[in-house]
Novice: 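Once you've had a glance at the structure underneath, I'll fire off some questions.
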There are 2 protein chains.
Amino acid sequence: MNSLAEENYLKALYKLGGKSNEVQTNALADKLSTKASSVTDMMKKLSDKKLVNYEPYKGVSLTKEGYAIAIGVVRKHRLWEVFLVDKLAFKWDEVHEIAEQLEHIQSAELIEKLDEFLDYPKFDPHGDPIPDKNGKIYQHLEVTLSQLEKSEKGIVVGVKEHSKAYLNYLDNLNLMLGTEVFIEDKVEFDSSMKVKINNAEVVTISNQATKNLYIKKLN
Amino acid sequence: MNSLAEENYLKALYKLGGKSNEVQTNALADKLSTKASSVTDMMKKLSDKKLVNYEPYKGVSLTKEGYAIAIGVVRKHRLWEVFLVDKLAFKWDEVHEIAEQLEHIQSAELIEKLDEFLDYPKFDPHGDPIPDKNGKIYQHLEVTLSQLEKSEKGIVVGVKEHSKAYLNYLDNLNLMLGTEVFIEDKVEFDSSMKVKINNAEVVTISNQATKNLYIKKLN
DNA sequence: ACATAAATTTAGACTAGTCTAAAAATATAT
DNA sequence: ATATATTTTTAGACTAGTCTAAATTTATGT
């Protein structure tokens with residue numbers, strides 16, 4: 001069994017380095033809002049448990065076993081987010097902190113039953129893919145709104161940035177998962193875009209915002 | 001905010017002493033499977049936080065504020081148990097350990113939404129009353145099966161003992177919440193009872209078992 | 001190549017929670 | 001009433017996880 005702290009380190013390592021990329025001590029410290037010295041201590045511990053490959057001064061990466069644990073935590077986080085939004089009517093910008101707690105509940109049976117109850121969702125409320133029980137993830141084709149050209153059409157399938165501020169900004173533009181977008185125009189000056197939403201109103205979206213929306217192209 | 005350990009001490013204090021009864025250090029240590037010295041340390045801490053009334057060597061009881069927290073944890077535990085049984089199809093003997101974890105999730109909004117989702121249940125899967133959001137509890141009239149006389153009739157409304165072994169024993173007898181029981185006979189020799197279940201088969205129930213079943217008398 | 005900067009690790013201290021063993025207080029028994 | 005048993009508290013040590021400050025290693029710029 002792994003402690004809550006250990007699980008959080010493994011999850012952060014996954015978010016920064018994926019299945020096998022090296023991650024620097026400071027990057028991990030930043031991600032976890034802790035200090036580099038604390039990271040070093042934990043890396044030694046996780047290395048002893050064979051959950052990470054750690055060489056002093058050289059960075060760290062997940063072992064196969066560490067990756068499996070990290071993926072499991074991500075799976076739990078995202079399934080709970082679906083539960084919170086679909087069943088308890090939370091909004092998509094309200095669920096992160098609660099899911100951060102729920103992701104550490106220990107019970108394999110619980111999570112399988114939750115998955116079934118939710119009807120085996122493939123994506124969480126932000127469009128992030130939910131690993132299946134074997135750890136398989138179906139990744140987005142990573143096309144962002146900013147990469148579409150004038151007159152191209154697509155559907156919003158995910159967000160890259162999860163802050164409350166950004167999610168609220170999208171809500172106010174009526175942009176949510178499943179929304180159809182059509183590029184009316186790209187403004188050269190500030191790289192913002194004029195976008196027609198669901199064949200109705202046209203809104204202007206900042207470059208910053210367009211870079212953080214995943215789109216599935218149509219036609 | 002209170003730590004997980006603090007919440008567990010407060011809950012145990014509630015289970016042993018209710019709203020205001022004094023509890024001995026050793027009793028608390030037993031309940032929490034810890035040592036008396038650990039209890040003493042924690043009581044000093046909770047006393048400093050004004051969550052318990054503690055006088056060295058004299059025992060300890062909950063303050064109003066400590067009681068409110070304890071009741072909140074119990075409310076969360078029991079609501080999650082309802083979720084696990086009603087929505088995720090767990091059996092009543094499988095939910096305790098998971099609910100022990102879920103009861104510490106911090107989010108007032110979560111628990112209110114869960115309560116609504118479950119349709120404001122009054123009792124958990126073992127028949128224990130669920131405190132409402134103001135901390136009000138509707139207690140059972142505490143009649144146990146063992147207190148019924150020959151030819152009396154009642155309905156099973158709760159269990160006093162929550163061990164897996166006991167709950168399984170009841171399952172095997174087809175005894176669950178809502179089951180109708182009719183006392184065919186009381187055996188003087190070992191105080192066991194012959195009980196007709198749902199107007200069908202007659203089973204023999206040990207004294208030990210009859211003392212742990214709450215009954216609502218009929219007629 | 002060498003000085004300096006940046007990143008990382010080590011050393012030592014702190015907190016929360018736990019433990020064992022000894023000391024102190026309270027209860028019980030004759 | 002006094003010895004004995006029981007209960008509780010205190011003292012000191014331990015672990016997990018964190019921190020600051022100093023030391024060390026690696027990277028960078030001229």
Side-chain angles (χ1 to χ4, degrees), chain A residues 1-17 21-62 65-66 69-70 73 100-101 103-106, chain B residues 1-17 21-62 65-66 69-70 73 100-101 103-106:
Chain A
M1 199 75 322
N2 308 288
S3 73
L4 190 145
E6 289 170 342
E7 286 193 349
N8 281 334
Y9 274 94
L10 293 172
K11 185 179 61 158
L13 224 27
Y14 167 72
K15 296 225 163 158
L16 295 174
N21 292 323
E22 296 261 312
V23 173
Q24 307 317 119
T25 301
N26 272 346
L28 205 43
D30 272 19
K31 185 85 180 173
L32 291 165
S33 300
T34 185
K35 293 293 145 69
S37 55
S38 306
V39 173
T40 300
D41 285 351
M42 185 58 93
M43 289 311 104
K44 286 181 190 162
K45 190 172 155 195
L46 293 178
S47 183
D48 287 349
K49 294 177 92 172
K50 308 242 184 275
L51 299 178
V52 303
N53 305 115
Y54 171 62
E55 271 200 280
Y57 298 102
K58 306 283 180 175
V60 64
S61 62
L62 291 166
E65 200 188 336
I69 293 167
V73 175
E100 288 284 300
Q101 298 179 60
E103 73 189 9
H104 300 292
I105 302 292
Q106 302 290 353
Chain B
M1 197 77 323
N2 308 289
S3 71
L4 190 146
E6 288 170 342
E7 287 193 349
N8 282 333
Y9 274 94
L10 293 171
K11 185 180 62 158
L13 224 27
Y14 166 72
K15 296 225 162 157
L16 293 173
N21 293 323
E22 297 261 312
V23 174
Q24 306 318 118
T25 301
N26 272 345
L28 205 44
D30 272 18
K31 184 85 179 173
L32 291 163
S33 301
T34 183
K35 293 293 144 68
S37 55
S38 305
V39 172
T40 300
D41 285 350
M42 185 57 94
M43 290 310 104
K44 286 181 190 162
K45 188 171 157 198
L46 293 177
S47 183
D48 288 349
K49 295 178 92 172
K50 309 243 184 275
L51 300 177
V52 303
N53 306 115
Y54 170 62
E55 272 200 278
Y57 297 102
K58 305 284 180 180
V60 65
S61 63
L62 291 167
E65 201 188 334
I69 293 167
V73 175
E100 287 284 302
Q101 299 179 62
E103 72 189 7
H104 300 292
I105 302 293
Q106 303 290 353

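Naming: A, B, ... by sequence-line order, numbering from 1 per chain.
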Novice: To the nearest angstrom, how far is A:Asp30 atom CG from C:dA7 atom P?
Specialist: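 Answer to the nearest Å: 10 Å.
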
Novice: Go through the N and O atoms of the side chain of A:Ser37 and the base of D:dT18, and report whether any donor-acceptor pair is under 3.5 Å.
Specialist: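 No, no donor-acceptor pair under 3.5 Å.
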
Novice: Could you tell me how far apart A:Lys44 (NZ) and C:dA11 (P) are, to the nearest whole angstrom?
Specialist: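 Atom-to-atom, A:Lys44 to C:dA11, this comes out as 8 Å.
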
Novice: What are the two closest non-hydrogen atoms of A:Asn2 and A:Gln106, and how far apart are they?
Specialist: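 Result for this residue pair: O-NE2, 4.1 Å.
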
Novice: Without decimals, in angstroms, what is the distance between A:Lys58 NZ and D:dA27 P?
Specialist: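 It works out to 6 Å between those atoms.
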
Novice: Between A:Pro56 and A:Leu4, which residue's closest nucleotide on DNA chain D lies nearer the 5′ terminus?
Specialist: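 Final value for this comparison: A:Leu4.
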
Novice: Counting only side-chain N and O atoms of B:Tyr9, is one of them less than 4.0 Å from OP1 or OP2 of C:dA16?
Specialist: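 For C:dA16, neither OP1 nor OP2 has a side-chain N or O of B:Tyr9 closer than 4.0 Å.
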
Novice: Let me know the distance between CD of B:Glu6 and C1' of C:dA16, rounded to the nearest Å.
Specialist: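 The answer, rounded to whole Å, is 9 Å.
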
Novice: Show the nearest heavy-atom pair for residues B:Lys49 and B:Glu6, with the distance to one decimal.
Specialist: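 In terms of heavy atoms, the two residues are closest at NZ-OE1, 3.0 Å.
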
Novice: Within the structure shown, what part of the strands sits under 4.0 Å from B:Thr25 by heavy-atom distance: base, sugar-phosphate, or nothing?
Specialist: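 Touches sugar-phosphate only.
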
Novice: OP1 or OP2 of C:dT8 less than 4.0 angstrom from a side-chain nitrogen or oxygen of A:Asn26, does that happen here?
Specialist: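 Yes, within the criterion.
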
Novice: Does a side-chain N or O from A:Thr40 land closer than 4.0 Å to OP1 or OP2 of C:dT8, or not?
Specialist: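 The answer is no; no side-chain N or O of A:Thr40 sits under 4.0 Å from OP1 or OP2.
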
Novice: In whole angstrom, give the distance that lies between atom CG of B:Asp41 and atom P of D:dT10.
Specialist: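 B:Asp41 atom CG is separated from D:dT10 atom P by 9 Å.
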
Novice: Just to confirm, is there a sub-4.0 Å distance from OP1 or OP2 of C:dT8 to any side-chain nitrogen or oxygen of A:Gln24?
Specialist: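 For C:dT8, OP1/OP2 do have a side-chain N/O of A:Gln24 under 4.0 Å.
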
Novice: Please state how far atom OH in B:Tyr57 lies from atom P in D:dT9, giving the value in whole angstrom units.
Specialist: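 Distance check: B:Tyr57 OH to D:dT9 P gives 6 Å.
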
Novice: Nearest 0.5 Å, what's the CE-OG distance between B:Met43 and B:Ser38?
Specialist: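 Here the interatomic distance stands at 10.5 Å.
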
Novice: Closest heavy-atom contact between A:Lys31 and A:Lys15?
Specialist: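 That would be CE-CB, 4.0 Å.
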
Novice: Can you name the closest pair of heavy atoms from A:Ala12 and A:Leu28 and give their distance?
Specialist: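 Where A:Ala12 meets A:Leu28 most closely, the heavy atoms are CB-CD1, 3.7 Å.
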
Novice: Scan B:Ala5 against the nucleic acid and name what it touches under 4.0 Å (heavy atoms): base, sugar-phosphate only, or nothing.
Specialist: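 Since only primed, P, OP1 and OP2 atoms lie under 4.0 Å of B:Ala5, the category is sugar-phosphate.
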
Novice: Distance check needed: C:dT26 P versus B:Glu55 CD, whole Å only.
Specialist: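 Result: 10 Å.
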
Novice: Whole Å only: how far is the CD atom of B:Glu22 from the P atom of D:dT8?
Specialist: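 Spelled out: CD on B:Glu22 to P on D:dT8 is 11 Å.
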
Novice: From C-beta outward on A:Lys35, which listed nucleotide comes closest to its side chain: C:dT10, D:dC19, C:dC19?
Specialist: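 Closest nucleotide to the A:Lys35 side chain: D:dC19.
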
Novice: Closest approach to the side chain of A:Thr34, judged atom by atom: which nucleotide of C:dT18, D:dT18, C:dT9 is it?
Specialist: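 Shortest atom-to-atom distance from the side chain points to D:dT18.
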
